[in-house]
Amino acid sequence: MESVAVVAVPFPAQGHLNQLLHLSLRLASRGLPPARACTAGARPPSAPSCSTSSPSPSTPPLRRTPPRPRRSPPTSCPLFEAYTAGARAPLAPLLAALSASHRRVVVVHDPLNAYAAEEAARLPNAEAYGLHCLAASPRRAPGSGSSASGAPGVRRPRGVARPRTREAVVQRDLAWRAGILVNSCRALEGEFIDVKLFAIGPLNPLLHHTTSKPTRHECLDWLDKQPPASVLYVSFGTTSTLPGEQIGELAAALRDSKQRFIWVLRDADRGNEFAEGHGKSRHGGRHAELLAEFTEQIEGRGMVITGWAPQLEILAHGATAAFMSHCGLELDHGEHEPREAYAGPWDAELVCNYFKAGILVRPWEKHNEVIPAEAIREVIVNAMVSDEGVAVQQRAKVLGEAVSASLADAVVAGLLADVKQECASRGSAMAERRGLTHHARARASLTAAVARCEPQFPACVNITTPPSMCAVLSGVLKCVSVTEKKKRSPGAVHAVATEAAPHTIPIPRSMESVTVVVVPCSTSRCSSRPAALPVHFAAPPEHVRQARARVHGWADDVLRRVEFHELAISDYASPPPDPAAASPYPSHLMPLFDAFVADAPAALAALLRELSAASSPRRVVVVYDVLTAFGAEEASRLPNGEGYAFHCTAASLIARDLDGGLQLLRDAHGLDDLPPLAYSTEEHLEFVAKRARTHQTIPSSAGILMNTSRALEGELIDFVATTFAGYGKKVFSIGPLNPMLLELDGSLPDGKGVTPRHECLEWLDKQPAASVLYVSFGSLSSLRGEQIEELAAALRDSKQRFIWVLRDADRGNVFADDSGESRHAKFMSEFKKQTESTGLLITEWAPQLEILAHPATAAFLSHCGWNSTMESMSYGKPILAWPMHSDQPWDAELICKHFKAGFLVRPCQKHGEPAEVTPAATIQRMIEKMMVSEEGRAVQQRAMELGKAIRASMAADGSSHKDLMDFIAHIIR
């Protein structure tokens, strides 16, 4: 590579200088030593591995006009004219000297510097490449046949350039170039970037807000003290100056908006920034009187900078929420945290109408008008605190992830917390279309550009994209080859990207330094949650025993990684359920719930202190059920604790409680509002509000985990995630949590049979495929005696095969002595004789996962608890919905109307309504509809398709798997 010389020739304006300097540093980091030619007045600070040559001795003197308050920069035109007239002469001998000593001279020039391409063409061993500092979309990409003006909602602004700069712009089409580089990326402008272009943006370094420098600007210390995503950054670049009247209106808008801000209030750069009179006094001089009064009015809520500001660090900072900008196209994004931009002509059109990541303050057509403070204030408030603004912030974040991924190394590991390879897992349609190839194609563009300069460039740079994640975490990921430990460098994982060269990535501090504590609600539906990482599982003694006894589908080696802890609680009454009660809600469990929330907090606090002291973990992560607010409180008392709320219910149930969520569910999906509160008892509602204090679990959390999948609730998950992002809460959709006993195609994998097998599975083995109806009402519901008889008659008379789990709801302590005879004993004896050839009756716990996974099972008659719903959908089995209480009516509504994977047998009884018995004929009709009708077969097919999509979401490149890996990466960050 030393035989190749790269000469960067920027145009002497800050936005142009910066981009070519960033490119020079990127090439230098790849082993190419570029030289950089610029005028003396525009020379940047020295940078490592990048030499600077100055053609200024032959440059004619220029008129250094101070900037006037106008939007376009006429004050720079004397510099531009002097530069284009005089820079060619000193560049020519520089290129000639390099040509004599190098095999190839590569000139990378700004399109406004057509002379650089002409000088390169005069040398026998030189090539010229134009670097476009603007968006790719305003120009038609060579051979692409597309332009952004044809994009939906995007219009081409006219008359933007000033007359004296337009002639220079036209010169770019006269240059002799070997290729074109574009400071953009396919994550933003994919359809406008032709394959003949090298799309290598963003050129600026991607910073994280924790990146430290030896010396920090004072504004960063101020940002450190502000809440996350709370600050508006205001800057109009280096070539724009606002009139005094507009500055006054903007100041009033910032003051009256009551939002935090950083405002870079400085005039446009002179042609020579190092000329006499430069500095804070020059920039703040005409604003001195305004600044004195304004500073008093904002009372520390904002900060005004009158000199140069570290824009990259400000944008990368976690406290920065948005950017009020002139919209010059430099991709000044902090890592994964791009900020929306406001104002400006073509780039503003892209930002607001194409990227949909911004809000327009003022259209270009009104650039000569003064925008009143009230109009600006409304936009600021809208951007910072409204639902629309939060949605735009989330959209910008999704784009930022895609942009960052476009520059990521080809071996980005799942261990690296803040890097996401594609934003399809966040529901972005654009990422869904292009996300899988963004970073591969952008990396290939840069590599190809370098390879043109040096055909013998080492093979280790020409890397291909490996699988999406390349770290093995607790047996979950198996997507890369890892060398033997004795061959590994300390603190690194070697993942083989190509046969030519392994690549090394740093490992974060050991996962063993993070302790995970799971605190479930004390009911069976919330307890069986084995994790892929070693965790501590804490529950009352009988519920630890219950969870361990009933968990199935997980390998023994995974279960051995979970350490179980017993939280001692007071004795409580454990009465049997009352099937004849006025409400089907399991009120017999209330003594357990009361004892749990009264005594478990102290026991959990002692456990957390013990764990924190015993192993000195870097972080203690408490995952708690939403009914256990004390889990968040105890986590917050630890100096290194974090609490995450775990939702056992559908994401849509959360969405309906958020502003606008119910309207979304009604208008977009046609769902009726079935609030769980209407299907619960007053006693339970009082418990939730006053003792469980469920309303406190999310505000106290560091994030939210949901047992759902984007294959089922994608749009609704995105709505929830977008809303909570506005409050600084991360949302991880990691369901279904049940182990998968089927392959993607629905077949049982070899070697995954569960041993020993339940006798019902032997019976299923003898039945035809898709011929059996599975009937179960979960662990918290009991049917009245009359209803059981009607259901039995329906099953018998339908002549369909079935497995019926006939058991009452669990007691508070399932191991309590119960020597009484079953209330169904007499009935069961007769029923078994009547259905001996078609059905199987189970009166104890049943292996539901294996039954649903079995190919003989066709459908599920269910109470529609969310666990059962997720399990049934994940195995592709449709549901005959028979909701009983709580969230089950809502789940039935989802299944039948939104998933379109079931039929409603009977609506749920609201609390206080008289109990009704559904007759056998009605139940029989629905059973036959599901099992033998054409409509039923269509629903079965729909459920099979959903099951395949859900299982795909759990595969290595699926959305649920990615969210789980993101959560693991986040807690071990």
Side-chain angles (χ1 to χ4, degrees), residues 524 549-550 552 576-580 584 754 756-811 814 818-863 868 872 877 879-880 882 884 905-906 917-932 936:
S524 63
R550 291 182 175 180
H552 60 299
D578 181 9
V754 178
R757 299 182 83 211
H758 194 281
E759 61 180 350
C760 71
L761 303 177
E762 306 291 342
W763 182 86
L764 278 171
D765 290 343
K766 302 172 185 177
Q767 311 308 314
S771 66
V772 176
L773 175 67
Y774 171 53
V775 183
S776 176
F777 292 90
S779 58
L780 300 181
S781 302
S782 300
L783 293 178
R784 293 172 173 268
E786 312 94 292
Q787 188 62 79
I788 288 175
E789 292 178 1
E790 295 296 319
L791 175 56
L795 289 170
R796 179 194 64 216
D797 297 343
S798 71
K799 309 300 183 183
Q800 300 302 310
R801 294 176 175 85
F802 65 86
I803 289 181
W804 183 7
V805 180
L806 178 57
R807 58 190 300 272
D808 288 336
D810 284 345
R811 291 187 174 197
V814 299
D818 182 14
S819 56
E821 184 180 29
S822 169
R823 67 185 176 104
H824 310 302
K826 183 178 179 180
F827 155 80
M828 288 190 298
S829 176
E830 182 68 21
F831 182 70
K832 284 182 178 179
K833 291 179 183 178
Q834 296 172 346
T835 59
E836 185 176 8
S837 61
T838 57
L840 182 66
L841 202 61
I842 301 174
T843 58
E844 299 296 335
W845 178 88
Q848 181 161 294
L849 287 180
E850 284 86 352
I851 293 173
L852 290 172
H854 201 286
T857 304
F860 183 9
L861 175 54
S862 170
H863 64 303
S868 292
S872 189
K877 303 300 163 69
I879 292 176
L880 283 171
W882 190 317
M884 306 285 284
V905 176
R906 51 156 281 173
V917 175
T918 302
T922 299
I923 305 171
Q924 179 183 339
R925 184 170 61 253
M926 299 307 298
I927 292 174
E928 292 171 348
K929 180 180 181 179
M930 176 63 78
M931 300 295 287
V932 298

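Side chains included, hydrogens not; waters and symmetry mates left out as well; all remaining heavy atoms used. Please read these numbers as outputs of a predicted model, since none were measured by experiment.
A 4.5 Å side-chain heavy-atom check between L795 and Q800 finds every atom pair outside the cut-off. A heavy-atom distance below 4.5 Å is not found between the side chains of V775 and V805. Side chains of S872 and S862 form no contact here, defined as non-hydrogen atoms less than 4.5 Å apart.
Between the S781 side chain and the G778 main chain, no donor and acceptor come within less than 3.5 Å of each other. Judged by distance alone, the side chain of K877 and the main-chain N or O of A858 form no donor-acceptor pair under 3.5 Å. A distance-only check finds a donor-acceptor pair linking the side chain of T857 to the backbone of I851 [under 3.5 Å].
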Does T922 form a side-chain contact (heavy atoms from CB on, under 4.5 Å) with R906? I'd like the steps, not just the answer. CA-CA 9 Å; T922 299; R906 51 156 281 173; over 6 Å; no

F860 and L852: side-chain contact (heavy atoms from CB on, under 4.5 Å), yes or no, with the steps? CA-CA 8 Å; F860 183 9; L852 290 172; 3.9 Å; yes

I would like to know whether Q787 and I923 meet side-chain contact (heavy atoms from CB on, under 4.5 Å); could you show each step before the answer? CA-CA 11 Å; Q787 188 62 79; I923 305 171; 3.7 Å; yes

Determine whether F777 and L791 satisfy the following criterion, side-chain contact (heavy atoms from CB on, under 4.5 Å), listing intermediate values before the conclusion. CA-CA 12 Å; F777 292 90; L791 175 56; 3.8 Å; yes

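Taken from CE in M926 to CE in M931, the straight-line distance is 13.0 Å, to the nearest 0.5 Å. To the nearest 0.5 Å, atoms OG (S771) and CG (L764) are separated by 8.5 Å. To the nearest 0.5 Å, atoms NE2 (H758) and CD (E844) are separated by 8.5 Å. Taken to the nearest 0.5 Å, the OG1 atom of T918 stands 9.0 Å off from the CD atom of E790. Here CG of L773 is found 12.5 Å from CZ of R801. Values are rounded to the nearest 0.5 Å. Here CH2 of W882 is found 13.0 Å from OG of S776. Values are rounded to the nearest 0.5 Å.
Scanning all heavy atoms of the two residues, the minimum distance from L806 to I788 falls at CD1-CD1, 3.9 Å. The nearest pair of heavy atoms linking R807 to T843 is CB-O, 3.6 Å. Contact between L761 and H854 at its shortest, heavy atoms only, is O-NE2, 4.1 Å. Between L783 and P579, the closest heavy-atom pair is O-CB, 3.5 Å. A pairwise comparison of heavy atoms in M930 and A859 identifies CG-CB, 3.7 Å as the closest pair. Residue L880 comes nearest to I927 through the heavy atom pair CD1-CA, 4.0 Å, listed as atom of the first residue, atom of the second, then distance.
Taking the ring pair (Phe, Tyr, Trp, His ring centres under 6.0 Å) definition, one finds that W845 meets it with H552, sequence neighbours left out. Applying the salt bridge (charged side-chain N to carboxylate O under 4.0 Å, His left out) criterion to D765, with sequence neighbours excluded, gives R757. Partners of S868 according to the side chain to side chain donor-acceptor pair (under 3.5 Å) rule, which considers only residues two or more places apart in sequence or in another chain, are Q848.
The aromatic rings of F802 and F831 sit tilted relative to each other, their planes meeting at an angle between 30° and 60°.
Heavy-atom contacts from other residues, nucleotides or ligands closer than 6.0 Å to CD of E762 number more than 12.
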